[in-house]
Amino acid sequence: MSALLEQFSAWYLSALSQGGYWLIGALMALESTIVPIPSETIVPPAAYLARTHGDLSVAGVVLAATLGSWVGASVMYWGARWLGRPLVMRLAPYVGLSVSKIELAERWSAHYGWAGVFFSRLLPVIRHLIGIPGGILRMDFRWYSAWTLAGSLLWCSVLAWLGATVGDHPELLKGSLHRFLLLVLAVAAVLGALFYVFVQRPAARASR
């Protein structure tokens, strides 16, 4: 997996100058579906290049990533709404989705409602799946879109800040790299803790 991510990162950095905002948006749309592309490999490098090369702007990167996330989340919503729960559950294993994870997203959605749509954009695993229960439950698409955009904007802004910070302080890529890595690891640890507290524990209680 790490080798694949390295290959993807190398291709992405070389293609970004040509693809620009459209490439960022397209990859973030895929990231919000069932395609396993971490947003952490899309937004920070783009923000870094925006800060150091000037062909893109950090605000433009955030906007493109946010809109791309919404597009992908909308595809998940309408796909699940059109197919319906029985067919979604039947087809899930064939497209790399675990039924247990979909059920987890359903319990999360039922427990937190619209707030769950917002916070799902900040959490691993549930971020990619929240559109499925949203579509199955036929949530109001206007509110689903609003909360998806709000959560995606916050998440993409955090990632862009990380990339821009490295661009503003190139020493982070030299002798002080370990400090930046510690910051990234701290953010990952916080997200992991949030995932456990607000997703796994409530879902486990709801399944009893």
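The figures that follow rest on heavy atoms only: side chains count, while hydrogens, waters and symmetry mates do not.
- Going from atom CD1 of Ile132 over to atom CZ of Arg81 covers 15.5 Å, rounded to the nearest 0.5 Å.
- Two residues are said to be in side-chain contact when any heavy atoms from C-beta on lie closer than 4.5 Å; Cys156 and Ser69 meet this criterion.
- Taking both residues in full, the closest heavy atoms of Tyr21 and Val61 are given as CE2-N, 3.6 Å, listed atom of the first, atom of the second, then distance.
- For the atom pair Ile24 CD1 and Ile42 CD1, the distance stands at 9.0 Å (nearest 0.5 Å).
- Judged by distance alone, with hydrogens and angles left aside, the side-chain atoms of Tyr48 form no donor-acceptor pair with the main-chain N or O of Thr165 at under 3.5 Å.
- Grouping the Ile, Leu, Val, Met, Phe, Trp and Tyr side chains by contacts below 4.5 angstrom, directly or via other members, places Trp22 apart from Leu63.
- Clustering ILVMFWY residues whenever any of their side-chain heavy atoms sit less than 4.5 angstrom apart, transitively, puts Ile34 in the very cluster that holds Val99.
- Inter-residue side-chain proximity for Val43 and Val62 is flagged as unmet; no heavy-atom pair is nearer than 4.5 Å.
- If you chain together hydrophobic residues whose side chains sit under 4.5 Å apart, Val75 and Leu23 never meet in one group.
- A heavy-atom distance below 4.5 Å is not found between the side chains of Phe118 and Ser152.
- Under the 4.5 Å side-chain criterion, counting only non-hydrogen atoms from C-beta, Val117 is in contact with Met139.
- Atoms NE2 and CG, from His53 and Leu16 in turn, are 10.0 Å apart once rounded to the nearest 0.5 Å.
- Using modelled atom types, one finds a donor on one side chain and an acceptor on the other under 3.5 Å when comparing Ser145 with Trp70.
- Looking at every heavy atom in both residues, Val58 comes nearest to Ala47 through CG2-O, 4.1 Å.
- How far CD1 of Ile130 is from CD1 of Ile102: 12.0 Å, rounded to the nearest 0.5 Å.
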Requested in this report: Mind running side chain to side chain donor-acceptor pair (under 3.5 Å) on Arg121 and Ser32 for me, showing each step along the way?
Outcome: CA-CA 9 Å; Arg121 307 308 305 175; Ser32 289; 2.8 Å; yes

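- A donor-acceptor pair under 3.5 Å is formed between the side chain of Thr33 and the backbone N or O of Leu30.
- In this structure, CZ on Phe119 lies 8.5 Å from CH2 on Trp147, to the nearest 0.5 angstrom.
- When all heavy atoms of Leu122 and Gly151 are compared, the closest pair comes out as CD2-O, 3.7 Å.
- Distance check: Leu153 CG to Thr148 OG1 gives 12.0 Å after rounding to the nearest 0.5 Å.
- Heavy-atom minimum distance, Arg138 versus Tyr77: C-OH, 4.0 Å.
- Ring-centre distance between Trp78 and Phe141: below the 6.0 Å cut-off.
- Closest approach of Glu31 to His128, counting heavy atoms only: O-ND1, 2.5 Å.
- Closest approach of Gly60 to Ser57, counting heavy atoms only: N-OG, 2.9 Å.
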